[in-house]
Visitor: 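Quick one: the structure is below, and I'll ask about it shortly.
Hydrogens, waters and symmetry mates are skipped; everything else that's a heavy atom, side chains included, is used. What you see is a predicted model, and the numbers here were worked out from it, not measured in a lab.
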Amino acid sequence: MSMDVTFLGTGAAYPSPTRGASALVLRCEGECWLFDCGEGTQTQLMKSQLKAGRITKIFITHLHGDHFFGLPGLLCTISLQSGSTVTKQPIEIYGPAGLRDFIWRTMELSHTELVFPYVVHELVPTADQCPTEELKDFVHVNRADSPPKDGQGRTILLDSEENSYLLVDDEQFVVKAFRLFHRIPSFGFSVMEKKRPGKLNAQKLKDLGVPPGPAYGKLKNGISVVLENGVTISPQDVLKKPIVGRKICILGDCSGVVGDGGVKLCFEADLLIHEATLDDAQMDKAKEHGHSTPQMAAAFAKLCQAKRLVLTHFSQRYKPVALAREGETDGIVELKKQAESVLDLQEVTLAEDFMVIGIPIKK
């Protein structure tokens, strides 16, 4: 099963000619999940090899404009491109409390009618995710003009034992959110692929006398079969070791994690995507504004024993490598060096718009 991540926007604060605002897509077998949707994301999608119509889930890390102002426009464009027949399954949207009201109100004020349904699941933050004066309670909105109850989605509270939020648990994936500290409540997301049955051992099947055909499929799906001679063959008799699932972790803006949920969920991540807005020399400024530097990102990756760290959400002062002037001491390459020094020279990747990173199946 192929899986990859495409970065659509890697810049902080606003879109620029060299970096779009925050957005990336996790693609698995053609289905696309969008993480953050800054202004201009739909244009970035059109420039990429991705198709907006394949987006089935959207995850918003926090409610700063450069992470979700592009969402209403993207939903409208998907609707326009979908035609008049309603065949699309609901798009599921996950994000902090307040997101549901924002989307509904935008659609109402613009008299927009989408040809497909959408559902907004809201994560309720805790008081320790941001400075006290910035915490707002959107959970108990009870106005006459508030969104209709139909299709509202879930209100998801923190599981205090797990220190996380369970968002998705289906046949293939478990997606959980964890708390981050920022100027307003922010979240990270852990996408964990479930173990899959190992391949059938052809030689064992032959030795046990299992005839090719429907029996192979049953055994592959974990169902025992009885041969004509009355012998029962169990899946564990003929299946190789299960294939361990992959793990991708995506953090929103933050100057640190809240509680131990983030470390647990990101432990041994195959791909850890972390913001690094400013360089290490400006760490005090970064923390003041709720952001991270390469050293801070790398320290978290090291704590989690992540297998690959990708830095993103750069200040617009840091131009892509291809545009950097030779000899620059404050250029983007310096951020890479700062992170790698913490990780004992383990290679760190600097995200660029339209970069695609594949996540291979584990062997």
Visitor: Does atom NZ (K220) have a neighbourhood of more than 12 heavy atoms from anything else shown, all under 6.0 Å?
Guide: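 Enclosed.
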Visitor: Kindly give the heavy-atom pair with the smallest separation between L71 and I93, and that separation in Å.
Guide: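 Closest heavy-atom pair between L71 and I93: CD2-CG2, 4.4 Å.
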Visitor: Side-chain contact, heavy-atom cut-off 4.5 Å: V348 with L343?
Guide: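 They are in side-chain contact.
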Visitor: Around K362, counting heavy atoms of other residues, nucleotides and ligands shown, do more than 12 lie under 6.0 Å from its NZ?
Guide: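 More than 12 within 6.0 Å, yes.
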Visitor: Between Q338 (side chain) and D279 (backbone), is there a donor-acceptor pair under 3.5 Å?
Guide: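 No.
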Visitor: Side chains of S164 and D159 only: does a donor on one sit below 3.5 Å from an acceptor on the other?
Guide: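 Result is no, nothing qualifies.
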Visitor: Consider only side-chain N and O atoms of Q129 and H182, and report whether a donor and an acceptor are under 3.5 Å apart.
Guide: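 Absent: no donor and acceptor within the cut-off.
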Visitor: Spell out, as yes or no, whether a donor-acceptor pair under 3.5 Å connects the side chain of N201 to the backbone of Q203.
Guide: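 Yes, the answer is positive, given that a donor and an acceptor are paired below the 3.5 Å cut-off.
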Visitor: Measure the spacing between CG of D280 and CE of M296 and express it to the nearest 0.5 Å.
Guide: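 These two atoms lie 9.0 Å from each other.
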Visitor: Would you call I103 and Y118 a side-chain contact if the rule is heavy atoms closer than 4.5 Å?
Guide: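 Side-chain contact under 4.5 Å: yes.
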Visitor: Considering only heavy atoms from C-beta outward, does the side chain of D253 approach that of H62 to under 4.5 Å?
Guide: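 With C-beta onward as the side chain, the pair touches.
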Visitor: In sequence, state the C-alpha distance, the side-chain angles, and the governing distance for F102 and F68, and then conclude on ring-ring contact (aromatic ring centres under 6.0 Å, His included).
Guide: CA-CA 10 Å; F102 168 81; F68 82 119; 4.7 Å; yes
Visitor: So, for V238 and I233, which heavy atoms are closest and what is the spacing to 0.1 Å?
Guide: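 It is CG1-CG2, 4.0 Å.
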Visitor: Apply salt bridge (Lys or Arg N to Asp or Glu O under 4.0 Å) to K176 and D169, showing your working.
Guide: CA-CA 9 Å; K176 294 183 178 181; D169 189 355; over 6 Å; no
Visitor: Without swapping roles, check the side chain of S79 against the backbone of V115 for a donor-acceptor pair under 3.5 Å.
Guide: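 The answer is yes, because a donor-acceptor pair under 3.5 Å joins these two groups.
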Visitor: Is C37 close to H67 at the side-chain level, that is, under 4.5 Å between some pair of heavy atoms?
Guide: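 No, their side chains stay 4.5 Å or more apart.
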Visitor: Same hydrophobic cluster for V168 and V119, using side-chain heavy-atom links shorter than 4.5 Å among ILVMFWY?
Guide: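 No.
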Visitor: Might you work through the salt bridge (Lys or Arg N to Asp or Glu O under 4.0 Å) test for E162 and K264, ending with a clear yes or no?
Guide: CA-CA 9 Å; E162 297 289 332; K264 289 178 180 177; over 6 Å; no
Visitor: Quick check for you: to the nearest 0.5 Å, what is the distance between M46 atom CE and T77 atom OG1?
Guide: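 So the CE of M46 and the OG1 of T77 are separated by 5.0 Å.
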Visitor: Given side chains that start at C-beta, do those of I156 and V124 come closer than 4.5 Å, heavy atoms only?
Guide: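 I156 does not reach V124 side chain to side chain.
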Visitor: Do you reckon F267 sits in the same ILVMFWY cluster as L166, going by side-chain contacts under 4.5 Å, direct or chained?
Guide: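 Each belongs to a different hydrophobic cluster.
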Visitor: Is it the case that over 12 heavy atoms from other parts of the model lie below 6.0 angstrom from the CD atom of E113?
Guide: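 Atom CD in E113 is not crowded, with 12 or fewer foreign heavy atoms closer than 6.0 Å.
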Visitor: For R19, does its backbone N or O pair with a side-chain atom of S16 as donor and acceptor, under 3.5 Å?
Guide: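 Checking the backbone N and O of R19 against the side chain of S16, a donor-acceptor pair under 3.5 Å is found.
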Visitor: Indicate yes or no: at least one non-hydrogen side-chain atom of V120 is less than 4.5 angstrom from one of Y94.
Guide: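 V120 vs Y94: side chains apart.
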Visitor: Heavy atoms only: give me the nearest Y216-P211 pair and the separation to one decimal.
Guide: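 Residues Y216 and P211, closest heavy atoms: CE1-O, 3.5 Å.
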Visitor: Is it the case that over 12 heavy atoms from other parts of the model lie below 6.0 angstrom from the CD atom of E39?
Guide: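 Atom CD in E39 is not packed in, count stays at 12 or less.
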Visitor: So does S234 get a backbone contact from the side chain of D237, meaning a donor-acceptor N/O pair under 3.5 Å?
Guide: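 Looks like yes, one N/O pair under 3.5 Å.
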Visitor: Please determine whether side-chain contact (heavy atoms from CB on, under 4.5 Å) holds for the pair L8 and D36, giving the CA-CA distance in whole Å, both sets of side-chain angles, and the decisive distance to 0.1 Å.
Guide: CA-CA 10 Å; L8 297 175; D36 281 340; over 6 Å; no
Visitor: Hey, mind stepping through F187 and Y165 against ring-ring contact (aromatic ring centres under 6.0 Å, His included) and telling me if it holds?
Guide: CA-CA 10 Å; F187 295 91; Y165 302 75; 5.4 Å; yes
Visitor: Is the count of non-hydrogen atoms from other residues, nucleotides or ligands lying under 6.0 Å from K307 atom NZ greater than 12?
Guide: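 Count over threshold, so yes.
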Visitor: Give me the atom names and distance for the closest heavy-atom approach of I55 to I58.
Guide: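 So the minimum-distance heavy-atom pair works out to CG2-CG1, 3.7 Å.
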Visitor: Got a sec: does the CD of Q236 have more than 12 other heavy atoms crowding it under 6.0 Å?
Guide: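 Counting neighbours around CD of Q236, more than 12 heavy atoms of other residues, nucleotides or ligands fall under 6.0 Å, so yes.
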Visitor: Quick one: pull up CG in L180 and OG1 in T61 and give me the separation to the nearest 0.5 Å.
Guide: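 With rounding to 0.5 Å, CG (L180) is 8.0 Å from OG1 (T61).
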Visitor: Determine whether a donor-acceptor pair (N or O, by modelled atom type, separation under 3.5 Å) exists between the side chain of E122 and the backbone of A97.
Guide: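 Not at all, since once roles are kept as given, no pair shorter than 3.5 Å links the two residues.
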Visitor: With heavy-atom distances below 4.5 Å as the criterion, would you say the side chains of V5 and R27 are in contact?
Guide: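 V5 does not reach R27 side chain to side chain.
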Visitor: Evaluate the criterion salt bridge (Lys or Arg N to Asp or Glu O under 4.0 Å) for residue pair D270 and R246; output intermediate values, then yes/no.
Guide: CA-CA 6 Å; D270 295 283; R246 293 159 283 188; over 6 Å; no
Visitor: Should V25 and I248 be regarded as members of a common hydrophobic cluster, given that ILVMFWY residues are connected when their side-chain heavy atoms come within less than 4.5 Å of each other, either directly or indirectly?
Guide: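 The answer is no; the residues belong to distinct hydrophobic clusters.
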Visitor: Go through the steps for W33 and F189 under the test ring-ring contact (aromatic ring centres under 6.0 Å, His included), then give the verdict.
Guide: CA-CA 12 Å; W33 294 359; F189 299 104; over 10 Å; no
Visitor: Just by distance, with hydrogens left out, do E275 and T277 show a side-chain donor and acceptor under 3.5 Å apart?
Guide: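 E275 vs T277: donor-acceptor pair found between side chains.
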Visitor: Is it true that a side-chain atom of R317 and a backbone atom of L278 form a donor plus acceptor pair closer than 3.5 Å?
Guide: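 Side chain of R317 to backbone of L278, a donor-acceptor pair under 3.5 Å: no, none is there.
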Visitor: At their closest point, which heavy atom of H289 faces which heavy atom of R183, and how far apart are they?
Guide: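 That closest heavy-atom pairing would be O-NE, 3.3 Å.
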Visitor: May I ask you to decide whether E340 forms a salt bridge with K336, counting only side-chain N to carboxylate O separations under 4.0 Å?
Guide: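 Yes, charged N to carboxylate O under 4.0 Å.
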Visitor: Atom CD of residue position E133 - does it have more than 12 heavy atoms of other residues, nucleotides or ligands inside 6.0 Å?
Guide: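 Buried by this count: over 12 neighbours within 6.0 Å.
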Visitor: Check the pair H313 / H291 against ring-ring contact (aromatic ring centres under 6.0 Å, His included), numbers first and verdict last.
Guide: CA-CA 10 Å; H313 196 267; H291 289 294; 5.3 Å; yes
Visitor: Measure from the side-chain N and O atoms of K194 to the backbone N and O of D170, and report whether any donor-acceptor pair falls under 3.5 Å.
Guide: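 Confirmed, K194 side chain pairs with D170 backbone.
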Visitor: Looking at CG of L123 and CG of L158, how far apart are the two atoms once the value is rounded to the nearest 0.5 Å?
Guide: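 The CG atom of L158 is 9.5 Å from CG of L123, to the nearest 0.5 Å.
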Visitor: Going by side-chain contact (heavy atoms from CB on, under 4.5 Å), R308 matches just one of I273, L272, I357. Which one?
Guide: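 By the side-chain contact (heavy atoms from CB on, under 4.5 Å) criterion, R308 pairs with just one of I273, L272, I357: I357.
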Visitor: Would you check if the side chain of E29 reaches a backbone N or O of S2 as a donor-acceptor pair within less than 3.5 Å?
Guide: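 Yes, the answer is positive, given that a donor and an acceptor are paired below the 3.5 Å cut-off.
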Visitor: Measure the spacing between CG of L26 and CZ of F59 and express it to the nearest 0.5 Å.
Guide: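 One gets 8.5 Å once the value is rounded to the nearest 0.5 Å.
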Visitor: Within a strict 4.5 Å, meaning less than it, do heavy atoms of the F300 and L309 side chains meet?
Guide: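 Sidechains of L309 and F300: no contact.
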Visitor: Please determine, by modelled atom types, if D66 and S22 share a side-chain donor-acceptor pair under 3.5 angstrom.
Guide: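 The answer is no; no qualifying pair exists.
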Visitor: What are the two closest non-hydrogen atoms of I78 and G53, and how far apart are they?
Guide: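 Smallest interatomic distance, heavy atoms only, reads CG2-CA, 4.5 Å.
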Visitor: Decide, yes or no, whether a salt bridge links R179 with D128 under the criterion of side-chain N to carboxylate O below 4.0 Å.
Guide: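 Judged by the 4.0 Å cut-off on N to carboxylate O distance, R179 and D128 do form a salt bridge.
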Visitor: Return the CD1 to CD distance between I359 and E193, rounded to the nearest 0.5 Å.
Guide: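 Going from the CD1 atom of I359 to the CD atom of E193 covers 9.5 Å.
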Visitor: Got more than 12 heavy atoms from elsewhere within 6.0 Å of CD, Q49?
Guide: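 Open: at most 12 neighbouring heavy atoms sit under 6.0 Å from CD of Q49.
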Visitor: Under the side-chain contact (heavy atoms from CB on, under 4.5 Å) criterion, do F69 and T41 qualify, and how do the steps go?
Guide: CA-CA 9 Å; F69 276 175; T41 293; over 6 Å; no
